[in-house]
Amino acid sequence: MRNPCDKRGTNRGAWSKEEDRKLIDYIRLHGEGCWRSLPKAAGLLRCGESCRLRWINYLRPDVKRGNFKEDEADLIIKLHALLGNRWSLIAGRLPGRTDNEVKNYWNSHLRKKLKSMGVDPDNHRLTQKAPLRRSRSSHSASLSTDAVTSHENMKKCSSTVLPDLNLDLTICTPSSLEGQRLDRTATPTLLLFH
DNA sequence: AATAAGCGCAACCGCCTGGAC
DNA sequence: GGTCCAGGCGGTTGCGCTTAT
């Protein structure tokens with residue numbers, strides 16, 4: 001945003017229960033709409049972006065609170081190996097989890113966990129002093145070249161689907177992507193250039 | 001018991017993208 | 001095609017709590 005928040009006359013920092021209640025009540029009545037005009041309409045002295053984050057990361061009824069389970073952590077590691085820091089895509093595969101939550105969990109827990117296992121958390125490769133064998137998360141997927149991407153403009157690519165992750169894995173040349181923009185909200189697609 | 005250090009999480013910041021005009 | 005606006009996103013910050021000394 002070019003001018004994300006007009007800081008004059010707006011509250012900042014932690015939300016009070018009263019502010020939470022106003023935001024919840026407003027969204028229950030009117031739904032998620034124009035975030036920029038929402039604060040005024042809801043009687044909140046916050047910027048729209050602050051309201052959006054508070055709702056998405058904390059107040060939304062389907063947000064799952066509490067510790068990550070082992071299978072969730074395992075899935076995050078697998079997805080991070082494939083997608084990198086695409087937190088919203090990763091969170092999209094974890095029902096009830098938000099991108100912010102996944103990102104925080106990665107930075108505070110999983111990075112250390114991988115490092116202690118001798119795995120570089122940035123590229124999921126074994127470090128030289130690796131004490132343990134290769135993590136499952138860094139295994140590459142087996143490819144079936146008969147699968148064909150559904151994207152019309154990726155005709156030069158071959159792809160496969162990773163059913164356990166619900167991911168499209170696409171192999172293509174950089175030239176086949178010329179003039180394209182990647183849709184950040186679409187089904188996660190891993191692109192391998194060759 | 002007091003203080004420092006470390007950690008986790010919520011919130012903020014600024015960039016990117018898509019749509020409307 | 002260019003500009004502006006609004007929403008989405010990832011990186012970063014800062015506060016409060018917990019643990020160590």
Side-chain angles (χ1 to χ4, degrees), chain A residues 1-24 26-27 30-70 72-117 120-124 151-154 167-168 174 177-191:
Chain A
M1 261 172 257
R2 288 185 177 84
N3 185 20
C5 292
D6 183 356
K7 297 177 182 67
R8 292 165 299 180
T10 60
N11 291 342
R12 293 162 60 79
W15 280 63
S16 67
K17 288 185 178 178
E18 177 67 12
E19 288 177 308
D20 283 346
R21 190 189 58 76
K22 282 183 179 178
L23 182 56
I24 291 168
Y26 183 87
I27 292 177
H30 303 95
E32 296 177 40
C34 178
W35 291 108
R36 192 154 294 195
S37 61
L38 184 149
K40 191 177 178 183
L44 288 162
L45 292 173
R46 294 274 180 173
C47 68
E49 175 66 0
S50 181
C51 293
R52 188 183 73 83
L53 286 171
R54 183 64 177 170
W55 174 254
I56 288 172
N57 291 327
Y58 200 83
L59 298 176
R60 221 173 46 183
D62 57 334
V63 170
K64 193 193 289 183
R65 313 297 306 173
N67 295 337
F68 282 77
K69 294 173 186 164
E70 197 171 333
E72 289 180 302
D74 192 44
L75 183 56
I76 291 170
I77 292 169
K78 285 180 183 175
L79 288 168
H80 188 272
L82 292 169
L83 301 168
N85 296 354
R86 309 275 300 271
W87 304 117
S88 63
L89 287 180
I90 294 171
R93 304 288 133 182
L94 293 155
R97 300 296 188 185
T98 68
D99 55 352
N100 207 35
E101 204 175 6
V102 171
K103 178 172 59 182
N104 284 333
Y105 187 65
W106 173 265
N107 286 326
S108 58
H109 293 90
L110 296 180
R111 287 186 76 89
K112 291 172 197 165
K113 184 181 174 183
L114 288 183
K115 279 182 181 174
S116 72
M117 294 166 66
D120 185 335
D122 295 323
N123 57 24
H124 295 262
H151 299 295
E152 182 64 25
N153 49 7
M154 287 190 184
L167 279 171
D168 287 335
L177 289 175
E178 278 178 11
Q180 281 197 71
R181 294 169 75 171
L182 295 176
D183 183 355
R184 290 155 66 141
T185 62
T187 301
T189 300
L190 174 67
L191 299 174

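- Between A:Ser88 and C:dC9 there is a side-chain N or O to OP1 or OP2 distance below 4.0 Å.
- Look at A:Arg54 and you won't find any side-chain N or O under 4.0 angstrom from OP1 or OP2 of B:dA10.
- For A:Lys40, the NZ atom is loosely surrounded, since the number of other residues' heavy atoms within 6.0 Å does not exceed 12.
- The NE2-C1' distance, from A:His109 to B:dC9, rounds to 10 Å in whole Å.
- Rounded to whole Å, the distance from CZ on A:Arg86 to C1' on C:dG11 is 15 Å.
- Side chains of A:Asn85 and A:His80: a donor on one and an acceptor on the other come within 3.5 Å.
- Note: CH2 (A:Trp15) to P (B:dA11) measures 8 Å, nearest angstrom.
- Among the atoms of the strands shown, only primed sugar atoms or phosphate atoms (P, OP1, OP2) are found under 4.0 Å from some heavy atom of A:Tyr58.
- In terms of phosphate contacts, A:Trp35 brings a side-chain nitrogen or oxygen within less than 4.0 Å of OP1 or OP2 of C:dG8.
- The side chain of A:Lys112 places an N or O atom within less than 4.0 Å of a non-bridging phosphate oxygen (OP1 or OP2) of B:dG8.
- A:Asn104 comes within contact range of at least one nucleobase, with a heavy-atom separation under 4.0 Å.
- Taking 4.0 angstrom as the limit, A:Arg36 places a side-chain polar atom (N or O) nearer than this to OP1 or OP2 of C:dA6.
- Atom-to-atom, OH of A:Tyr105 to P of C:dG11 comes out at 19 Å; the value is rounded to the nearest Å.
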For A:Trp35 and A:Glu49, run side chain to side chain donor-acceptor pair (under 3.5 Å): C-alpha distance rounded to whole Å, both residues' side-chain angles, the deciding distance at 0.1 Å, then the answer.
CA-CA 7 Å; A:Trp35 291 108; A:Glu49 175 66 0; over 6 Å; no
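- An OP1 or OP2 oxygen of C:dG10 is reached within less than 4.0 angstrom by no side-chain nitrogen or oxygen of A:Trp106.
- Per the geometry, CZ belonging to A:Arg111 stands 13 Å off C1' belonging to C:dT12, to the nearest Å.
- Annotation: A:Glu18, atom CD; neighbour count of heavy atoms from other residues, nucleotides and ligands within 6.0 Å is above 12.
- Rounded to whole angstrom, the span from the CG atom of A:Asn85 across to the P atom of B:dC16 amounts to 16 Å.
- For A:Arg52, counting side-chain heavy atoms from C-beta on, the closest listed nucleotide (C:dG10, C:dG8, B:dG8) is C:dG8.
- Looking only at distances, a side-chain donor or acceptor of A:Lys22 sits under 3.5 Å from a matching main-chain atom of A:Gly43.
- Whole-Å rounding puts the A:Glu101 CD to C:dC9 P distance at 16 Å.
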Dot-bracket pairing map - DNA chain C, Watson-Crick plus G-U, both contacts under 3.5 Å, | cross-strand:
.||||||||||||||||||||
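- Annotation: side chain of A:Trp15 is in contact with side chain of A:Arg46 (closest heavy-atom distance under 4.5 Å).
- Here CG of A:Leu79 is found 10.5 Å from CH2 of A:Trp87. Values are rounded to the nearest 0.5 Å.
- A salt bridge does not link A:Glu72 to A:Arg93: none of the charged nitrogens lies less than 4.0 Å from a carboxylate oxygen.
- Closest to the side chain of A:Arg46, from the set B:dC12, C:dG10, B:dC9, is B:dC12.
- No donor-acceptor contact under 3.5 Å links the side chain of A:Asn57 to the base of B:dA11.
- Across the protein-nucleic acid pair, A:Asp122 atom CG and C:dG10 atom P stand 16 Å apart, rounded to whole Å.
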